[in-house]
Amino acid sequence: MKRITSVLEVIRARRSVRHFSDREVERDIITKLEEWLEKYGPGYFKTGPKFRIIKASDNDREKLNGIISYGIIRGAKNFIVGRTKKNLRAFEDFGYVLQHVILECTALGIGTCWIGGTFSKSRVKQLIELEPDEHIPAIIAIGYPSENRDLKERMMRKCVHGDVRKPWRELFFADNLFVPILAETPPDPQAYDMALEMLRWGPSASNHQPWRVVKDERNGAYHFFVRRNSGIIYKILHSILQVGNIQSIDMGIAMCHFELAAKELGLPGQWQNSPPAWISDLPDNIEYVISWMTNDQRERECR
Ligand SMILES: Cc1cc2nc3c(=O)[nH]c(=O)nc-3n(C[C@H](O)[C@H](O)[C@H](O)COP(=O)(O)O)c2cc1C
């Protein structure tokens, strides 16, 4: 199979696959996945998530699919199971590392699906050894996509509106969280607009797209925020079960897409903890995560 080499193409090609074919993922590809997990860990924030690839034999395959996805994922033979401590930014790293590996899979024609909610944590815990302060934030199903996307898969995509994303005006802002950046259509292929567009097509739990990015027009920095759900039931669940952390995984995924796109476009920049001065005025459900500092000269010259 021909490997897709452009990150932008890979990001556009990726979608969640929930129905897998019988074809085995070859041993050398599994070895590559293990190497990539090694290469992209310990994550940008250096929290060091640990991963293992689990293979289901034909006998326990359907059982495992059942345990893991309550029937939503079908036919997967391999799963990446990860564990991490609940340190600050550990879930961002979890998303950041695994999304790199997911994009590598997509480039090779291998289907993937993040599974954050629809798996039994207690059953998966029996498959890997956990230290007392470790958690399994999510797992990934991997395999070759089935040729026929069946009704169940199509219904799931419809339920979460998997093929659509929020418009730019709800996600990307200039100088504060009130003034939207309006997208050029199509976005300027050589500028950070394209990196934002690539971020926008990232996967997120229930397709909530919690990322909000504010461009600082004075120094060209891009400040990344997470917008958590604010309903009362969610707040209770968040405080008891820490479910909101799944949106921190989404933020790591956003960082991965933005950074890879910027690198491929040759746009200079790096991550830095550099919150804007107005951060003290943020609403309760919005939290600062990280900033991408650009060397803005080049972008200004291009405009
Ligand atoms: C952290 C995370 C958890 C997810 N959990 C599930 C899940 O439990 N079950 C499922 O079917 N899809 C799950 N998804 C997939 C999302 O529903 C999917 O990414 C989103 O609808 C966008 O569709 P796309 O990935 O095809 O672009 C998850 C995605 C992420 C990033």
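For the numbers below, each heavy atom of this structure counts, side chains included, while hydrogens, waters and symmetry mates do not. One-based numbering, in listed order, for ligands and for the atoms of each.
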### Task
Please say whether more than 12 non-hydrogen atoms of neighbouring residues, nucleotides or ligands are located less than 6.0 Å from CD in E26.
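Buried by this count: over 12 neighbours within 6.0 Å.
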Suppose I only count heavy atoms of [X] and a 4.0 Å limit; which atoms of ligand 1 are within that range?
X	answer
I115	5 (N), 6 (C), 7 (C), 8 (O)
R157	26 (O)
I72	11 (O)
R15	26 (O)
I253	31 (C)
R14	24 (P), 25 (O), 27 (O)
D250	1 (C), 31 (C)

Which segment of [X] sits under 4.0 Å of ligand 1 when only heavy atoms are counted:
X	value
P203	both
I73	neither
Q209	neither
H161	neither

Rounded to the nearest 0.5 Å, how far apart are [atom1] of [X] and [atom2] of [Y]?
X	Y	atom1	atom2	value
L33	I80	CG	CD1	5.5 Å
L177	H223	CG	NE2	10.5 Å
L260	E264	CG	CD	8.5 Å

| message | Do R228 and S248 pair up side chain to side chain, a donor and an acceptor below 3.5 Å, judged on atom types alone? | response |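 Present: a donor and an acceptor within the cut-off.
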Can you tell me the protein heavy atom closest to [atom] and the distance?
atom	result
atom 25 (O) of ligand 1	S16 OG, 2.6 Å
atom 5 (N) of ligand 1	G116 N, 2.9 Å
atom 23 (O) of ligand 1	G162 O, 3.5 Å
atom 16 (C) of ligand 1	S204 O, 3.4 Å
atom 21 (O) of ligand 1	V160 CG2, 3.3 Å
atom 7 (C) of ligand 1	T118 OG1, 3.4 Å
atom 17 (O) of ligand 1	R18 NH2, 3.2 Å

Handout entry: Steps toward salt bridge (charged side-chain N to carboxylate O under 4.0 Å, His left out) verdict (E92, R89)
Key = CA-CA 5 Å; E92 283 85 351; R89 304 289 175 238; 3.1 Å; yes
Margin query: Could you tell me if R23 sits above the aromatic ring of Y144, with its cationic atom closer than 6.0 Å to the ring centre and no more than 45 degrees from the axis?
Written below: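 Pair R23/Y144 counts as cation-pi.
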Practice prompt. Indicate the ring-plane relationship of F94 and F91, choosing parallel, tilted or perpendicular according to the 30° and 60° boundaries.
Written response: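 Correct class here is tilted.
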Discussion item. Just checking Y192 against F258, ring centres under 6.0 Å apart?
Written reply: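 Between F258 and Y192, which both carry aromatic rings, the centre distance is below 6.0 Å.
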Legend entry - Flag side-chain contact, heavy atom, 4.5 Å: M255 against I290: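 They are in contact (side-chain heavy atoms under 4.5 Å apart), so the answer is yes.
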Open item on the list: Show the nearest heavy-atom pair for residues G202 and W211, with the distance to one decimal.
Closed with: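 Closest heavy-atom pair between G202 and W211: O-CH2, 3.5 Å.
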- Message: Could you report the tightest heavy-atom contact between G111 and P145, atom names first, then the distance?
- Response: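 Shortest heavy-atom contact: N-CD, 3.8 Å.
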Note to self: When you measure from the heavy atoms of R165 to every atom of ligand 1, does any distance fall below 4.0 Å?
What the structure shows: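 Yes, R165 has heavy atoms under 4.0 Å from ligand 1.
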Practice prompt. Report yes or no: does A138 have a heavy atom closer than 4.0 Å to ligand 1?
Written response: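 Not so, A138 does not reach ligand 1.
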